[in-house]
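Structure record follows, encoded as structure tokens.
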Amino acid sequence: MLNVTDLHIEIEDSFIPETVVHDFDITVSAGEIVGIVGESGSGKSMSALAIAGLLSRKDMKKRGSILFEGEELLTTPRSRLRQIQGDDIAVVFQEPMTSLNPVKKIGWQVEEALRIHSDLPDDELKKAAIRMLKDVELDDAENIYDKYPHELSGGMRQRVMIAAALICDPKLLIADEPTTALDVTIQAQIIELLKRINREKGTAILFISHDLSVIRSLCSRVVVMNKGRIVESGSVEEVFNNPKEEYTKHLIGSIPGFTKIAHVTQSENTDKILEVDNVSARYKKITGYFQIGSKQKLVVKNASFTMYKGEIMGLVGESGSGKTTLGKTILGMLDDTEGRIVHYSQRPQMIFQDPYGSLNPTKTIGWILEEPLRINTDYDKEKRSARAKEMLSLVGLDESYLSRKPNALSGGQRQRVCIALALMMDPKLIIADEPVSALDVTVQEQVINLLVKLNKELGISILFISHDLKVVYELCSRIIVMKDGVIVEQGTDKEIYDNPKDPYTKQLLLSAGYTD
Amino acid sequence: MKTVLKKSITFIFTVLLVTFFVFIAFELIPGDAATARLGTNATPEALAKLREELGLTRPFFVRYFSWLASFFFGDMGTSYSYGVSVRSMLAQKLPITLTLTLMSFILTVAVSIPIGLLTSKYEDRAVSTVLDVTGQLTMSVPPFFLGILVTYIFGMILHMFTPGGFVSYNVNFVRFIGYLVFPAISIALPKAAMSTKLLKTSILSERNLDYVRSAYSRGNSTMDVLYKHVLKNAIIPVITFLGMTLADIVAGSLVIEQVFSIPGYGRLLISSIANRDYPVVQAIIAIIAMIVIIINLLVDILYRVLDPRLRDM
Amino acid sequence: MDKLVFKIKKNPELYAGAVITAVMLLVILLGRLFVPYDPDAMNAADKFARPSLAHLMGCDNFGRDLYARLAAGGATTLFIALATVLIGVVFGIIVGAFTGYYGGALDEILMRFNDAVLAFPSILLALVVISIMGSGTFKVIISLGIVFIPSFARIVRSEFLRCKNLDYVRSARLMGAHDLRIMFVHILPNTFPVLLSSTVIGFNNAVLAEASMSFLGIGVQPPSSSLGRMLSDAQAFLFMSPGYAILTGVTIALIILGFSLLGDGLKKNA
Amino acid sequence: MSIKRLFALAMCVAIIPAVALTGCSGDKPEASSSIVVGIPQDLEDSLDPHEAVAAGTKEILFNIYEGLLKPDENGNLIPAVAKEYSVSVDGLTYSFILRNGVKFHDGQNVTAEDVKYSIEKSAGLTGEQSLITAFSNIKEVNIVDNDQVDIVLKEKDIDFPAYVANLNAAIIPRGNSTPATKPIGTGPYMYVSRSPQENMILKKFDEYWGTPANIENITLKIIPNADSIVMNLNGGSVDMFARLTVTQTQQLSKNFNILEGEMNLVQAVYLNHARAPFDNVDVCRALSYAVDVDNILELTSDKKGFPVGSSMFPAFKKYYVDLTDSYPTDREKAKELLAKAGYPDGFSFSITVPSNYQPHIEAAQVVAEQLKQIGVKADIKLVEWNTWLSDVYSGRDYEATLIGVDASSLTATAMLDRFVTDADNNFTNYSNKEYDDLYKKLFVTPSDEERVEIYKQLQKNLADNAANIYIQDMAEFVALSDKYEGYTFYPLYVQDFAKIKLKGQ
């Protein structure tokens with residue numbers, strides 16, 4: 001059905017034109033699910049968009065051929081291309097938050113492809129749209145039809161995107177990282193939905209992702225890309241069980257969740273580092289006029305746990321479960337809280353999730369690192385920069401980074417600087433709020449190893465907050481599971497992963513791929 | 001609904017604040033209505049008598065609140081210099097300025113939206129760069145100079161209107177509107193250029209967002225994407241800008257009325273300030289402030305109608 | 001060389017703006033330094049003299065050399081606009097920072113003040129302030145400065161609202177930095193790109209406002225002159241020597257054009 | 001609302017102005033007997049003749065009101081509401097014989113009661129403050145019979161008839177309760193309506209007792225912005241404009257006749273003698289030597305204007321003495337005098353000028369430039385008219401001011417009374433013993449020749465002591481469209497519309 005041969009894509013953004021995709025070939029037969037995997041910047045999305053005919057920017061040159069049912073898409077006139085788009089080829093994008101027009105109703109957007117490619121009257125369009133919304137397992141579809149995108153959750157919006165794509169029953173669905181921005185439980189549901197549609201409707205799917213485990217559970221064939229070139233391709237079993245290329249091996253090796261790294265068994269050392277006793281936190285939203293009157297929402301409800309010196313403890317839960325708020329409450333960053341928090345170390349530090357927001361873009365790395373010393377100590381310039389250099393080398397970055405600005409660094413490097421920043425005051429306790437979830441798999445692995453090294457060598461205990469059960473399995477010795485602000489279960493990694501008691505924990509483990 | 005209530009409270013508070021500003025301002029300006037009236041024949045006793053008569057000797061707060069109370073019930077007092085009720089004077093003057101402001105506003109919208117669309121659609125063609133440059137030029141010329149150029153070219157050379165030939169609305173309505181066309185053009189040109197540029201940049205920035213790509217993926221043509229998807233999002237910042245420019249248009253008419261000798265509020269305000277004619281100045285400034293704030297209120301509501309994300313705020 | 005051509009193609013406004021602004025500043029500087037005439041020296045014989053070698057741009061109604069006056073007027077206008085924008089930015093930052101960062105009752109009240117001042121058409125407010133303090137270059141600067149504070153305050157406030165919840169601010173607070181340091185050392189530098197482009201726009205508005213004020217007779221007072229003053233004086237001789245008005249008008253237009261293009265260019269690659 | 005409709009709306013909105021545009025091309029004012037006269041300022045003070053103060057108001061009210069007597073274009077007093085008058089032997093009682101058949105604009109006949117009421121009101125006998133200082137000399141007003149009224153004075157004052165002809169002594173109907181807003185008089189034109197800051201409409205009074213006016217209706221159009229006056233004249237929307245500057249007249253189109261006359265005022269730099277250094281006569285003389293009047297005229301009004309040497313202008317004919325050459329420009333002498341007065345390297349002072357008089361502002365700039373050459377720095381302080389009135393005129397809080405002073409009534413004393421030490425309108429604080437004695441002698445000498453001699457000595461005194469730096473009686477230009485003729489100049493600050501007529505009418 002789809003046959004792409006030596007596709008080249010060149011971009012002239014900067015002065016010297018840069019080839020982003022080199023001789024890319026792929027074939028997808030009717031009803032087949034093919035995956036493209038690679039790290040960010042490997043050109044996987046670029047090639048998918050080219051196939052969907054969405055790369056029409058003037059500073060971009062495309063060579064090679066894209067045959068779709070015998071028709072050459074690269075050279076067809078736009079008018080013909082427009083007939084195919086939405087009817088035969090449909091696309092689902094990564095960011096559910098921004099891929100829907102914020103000022104238009106859901107129903108109108110779902111039925112849009114049908115309105116373009118058919119001349120059904122409006123009421124027919126509405127019926128088709130509602131049927132489609134039900135088909136993607138959205139309950140009370142009639143009600144959602146008249147809602148606006150901002151009124152739905154991320155998962156529901158992704159389902160709407162899929163409905164909008166499949167309304168004309170296309171032959172090929174291109175899904176560009178549809179599940180990356182979603183929680184693990186919803187991710188599993190979307191994957192199941194795609195499988196069902198492929199089975200029932202026979203729609204071929206071209207699935208693009210950087211998450212190997214998702215590819216493994218969905219696709220029959222896979223293509224591995226790195227820096228714009230195809231490294232290896234073949235059936236999923238072949239590639240995953242005996243990868244030929246070095247790069248593929250390395251990629252598969254760094255999938256977390258199978259090998260334990262840290263193994264500080266919790267000996268009977270009784271000296272605690274942190275005690276959290278019956279803590280709850282409230283989030284105040286000011287609604288009244290002149291600050292009077294406000295709605296209050298309880299985000300954390302009487303959580304209590306204790307942490308011991310030198311331990312890496314996991315705090316797991318989906319987005320909105322209150323895990324980050326609990327982390328902030330422990331550091332006293334929220335003022336509307338109750339309950340007792342006892343610190344057995346001074347100046348605990350925090351590492352934030354979004355590497356782009358956690359470093360002040362206008363300052364140099366050196367300045368940022370020296371800031372805590374400038375505020376809390378009276379070290380002179382030399383002493384401060386010496387300490388900064390020391391910390392940088394500890395996290396594996398050389399001195400040249402001191403004079404650089406955050407936006408000149410990659411995501412991984414920035415996260416290392418955040419860690420260095422946290423270490424400047426040599427804390428005994430670090431609260432890491434999803435430090436690796438925004439990073440690529442290979443980079444994720446490096447940061448995790450760094451955290452383990454710090455825990456071993458400096459004895460720093462870490463409260464590791466995450467929604468990724470696989471990373472938590474690798475890293476943490478004891479784990480707390482939270483749901484809607486309440487701690488549902490806590491225990492050692494064996495107790496949680498081998499015989500979970502709470503039904504919610506079981507469901508979490510299932511969708512993370514731990515089928516025992 | 002609650003936000004409207006909140007907004008109207010801020011509206012009243014702001015108007016009060018504005019009138020209070022004006023009152024204090026007048027306390028500080030040297031000279032008062034009495035010296036203005038008596039001029040070179042002012043003798044100390046005459047000044048004292050006239051001040052008594054005009055009630056200028058009452059303490060500051062008494063004067064402010066009595067003015068406020070009467071203003072609230074629509075009685076704006078009598079003008080010191082004309083001896084006529086302020087309301088009747090304003091009833092004559094404000095319609096002229098309001099019509100001029102309205103015409104300039106309509107012209108701004110009528111010019112900026114089509115041209116904004118045009119330049120963003122054919123972005124790299126020569127015509128849009130030419131329009132952009134002329135737009136920049138009209139924005140860089142002081143408004144009164146633009147007024148003079150318009151009068152000079154259209155009035156003296158092309159004789160499309162007689163400079164100074166203002167005709168009041170109750171005399172001949174068509175000629176009244178006809179004459180106001182050119183002053184409206186002189187006010188509207190720079191504002192139209194600004195909003196065109198804003199619309200163009202807003203459209204171009206909306207175009208790079210994800211939902212536009214998904215619209216294309218469903219088979220929309222460039223025109224469909226522009227009209228069905230982008231325009232409604234792009235128009236939102238332009239609406240706020242247009243709302244804000246209204247305050248400038250009102251100020252602009254103050255200057256343009258001088259150039260085109262239009263007896264709107266502008267001239268009356270300046271002479272009343274010179275003659276320390278408090279009631280007239282107070283009334284004009286309060287009314288203008290109210291108009292501007294009402295417009296901001298309307299823009300805010302329109303903002304919520306256009307952008308569903310704000311509806312529940 | 002073609003690397004430069006590529007850059008210009010990428011951001012034409014920046015380069016066009018920079019060139020025009022540089023030329024205008026050069027013209028004014030040359031006028032101030034090398035023109036042999038004192039801008040106020042009157043000479044009855046040269047009344048309305050045509051541009052000639054002796055007087056590059058001719059003379060005005062008092063026989064004063066127009067180029068010298070344009071240079072002097074240009075310098076005054078630039079000085080006024082700069083000083084006005086300075087007042088507007090400095091106080092705008094202070095007001096914007098505190099209202100944006102702290103919020104609460106202080107924010108509500110100051111914002112209401114802001115709305116009240118913004119509800120005043122700017123020239124009107126300047127008119128009232130001038131009538132209180134009398135006219136003259138410094139009075140013009142103070143009155144325009146006051147008028148510009150609210151718009152800058154509003155811009156700075158929205159930037160502070162955007163930045164105050166970002167992680168790097170939280171981590172600064174976590175390190176024990178007190179609020180003032182966070183506001184002015186951490187957050188403020190991040191507002192500079194937005195502040196820069198609005199400063200340029202503010203500068204242009206100041207030049208235009210000064211011209212309107214001179215037209216209403218409340219701007220800079222003779223014999224010192226600004227471009228706005230000269231333009232409104234030149235208007236009286238429009239028919240006799242149109243050169244006077246046109247040259248002054250073109251000077252103002254080019255200065256503003258240069259700065260607005262520069263502003264757009266800076267915004268584009270900020 | 002779909003985008004298509006929004007676009008359509010925008011388009012049709014743009015068409016409205018185009019349509020309206022065609023509607024206004026042919027709007028030439030119809031040439032029947034009407035005229036549009038431009039005035040720079042609205043009549044912002046009261047329309048009651050006994051309260052009107054501003055010169056701009058009085059020059060218009062001259063067409064609406066008349067007193068018992070009336071000045072003519074040569075400065076003589078001609079009978080108006082009164083047919084004739086006679087003076088008693090002791091010079092204390094003036095008997096006025098009323099002209100019968102004189103009507104007010106509301107059709108009522110003028111009665112003796114109206115005359116008594118008007119004179120007593122304007123003299124301040126009925127409580128209000130009188131605008132004519134000399135009227136405080138009136139003891140009583142008696143009605144002899146219904147066409148004779150006697151006015152009895154406290155002391156002799158041979159200038160009394162001139163005060164009666166002053167506009168502030170006009171005759172108004174007793175019945176009119178609101179003269180300030182609804183003027184009713186006996187003049188050739190009657191008031192119709194006004195719209196503040198826009199216009200005032202006057203109409204010919206058909207039952208006028210004297211020679212009737214020619215033009216049927218007059219529209220006084222207010223054009224506040226000096227620079228758009230030329231535009232409006234050339235544009236054809238205004239037919240006549242008085243008191244133009246030279247530069248404005250030079251830019252008018254061919255179809256305007258430019259008539260030249262005198263403004264009848266003394267433009268000078270008035271020095272505040274209570275303030276150093278102007279309390280030193282040598283300093284005042286030094287400045288007078290430094291100021292070159294011809295250069296001022298050359299720069300500001302193309303040499304048009306009549307230099308004066310003292311506080312009197314040529315229109316007063318026999319009372320005027322030409323002192324223009326008392327201070328020929330001599331910078332060396334000026335520097336000597338300055339050194340002698342203790343200011344070898346000059347001093348600095350401020351010249352306050354009202355911001356609404358462009359000619360005075362221009363003259364001040366030239367004076368400042370000239371004084372620079374003797375090391376004296378004069379900076380110009382522009383103030384609003386109202387601030388000038390309160391600070392400079394009544395407050396006398398200034399160093400020097402450049403203004404034009406006119407005669408409040410047709411008497412020579414009106415120009416000279418303000419320099420008597422204790423006169424309350426002596427805003428220059430001039431105080432000179434010989435001047436005061438000479439002035440008092442004026443009221444005692446009956447014979448005209450001696451009075452003329454005293455007036456001349458008073459003027460010499462002002463010139464010798466350089467009381468002020470005298471410049472000129474400015475030339476006045478009136479632009480009149482060639483469709484009209486007959487504009488006549490008066491030695492007073494008035495515009496007489498009655499004499500204007502259509503060409504060939």
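Here is how names work: the chains are called A, B, and so on, in the same order as the sequence lines, proteins then strands, and each is numbered from 1.
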Which region of A:N376, side chain (C-beta onward) or backbone (N, CA, C, O), has a non-hydrogen atom less than 4.5 Å from a non-hydrogen atom of chain C, or is it both or neither?
side chain

Checking heavy atoms, do the side chain of A:L421, its backbone, both or neither come under 4.5 Å from chain C?
side chain

Does the distance from a Lys or Arg side-chain N to an Asp or Glu carboxylate O, for C:R170 and A:D433, drop under 4.0 Å?
no

Atom group of A:M350 that falls short of 4.5 Å from chain C, counting heavy atoms
both

Top of C:A177, C:G176, C:C163 for chain A proximity - count of heavy-atom pairs under 4.5 angstrom:
C:A177

Proximal component of C:V169, with respect to chain A [non-hydrogen, under 4.5 Å]:
neither

Honestly, the part of C:R181 sitting under 4.5 Å from a heavy atom of chain A is side chain

May I ask you to decide whether C:K267 forms a salt bridge with C:E13, counting only side-chain N to carboxylate O separations under 4.0 Å?
no

Looking only at side chains, do A:E371 and C:H186 share a donor and an acceptor under 3.5 Å apart?
yes

Could you tell me whether A:K323 and A:E434 have a side-chain N and a carboxylate O separated by less than 4.0 Å?
yes

What part of A:L359 is in contact with chain C, defined as an atom under 4.5 angstrom from a non-hydrogen atom: side chain, backbone, both or neither?
backbone

Mutual orientation of the aromatic rings belonging to C:F79 and C:F138 [parallel < 30°, tilted 30-60°, perpendicular > 60°]
perpendicular

Comparing A:T362, A:N360, A:I368 against chain C, the one with the most heavy-atom pairs below 4.5 Å turns out to be A:N360

Heavy-atom closest contact (A:A422 atom, A:I351 atom, distance)
CB-CG1, 4.2 Å

With a 4.5 Å cut-off on heavy-atom pairs, point out which of A:I375, A:D354, A:L331 contacts chain C the most.
A:I375

C:D107 and C:Y102 side chains, donor-acceptor separation under 3.5 Å:
no

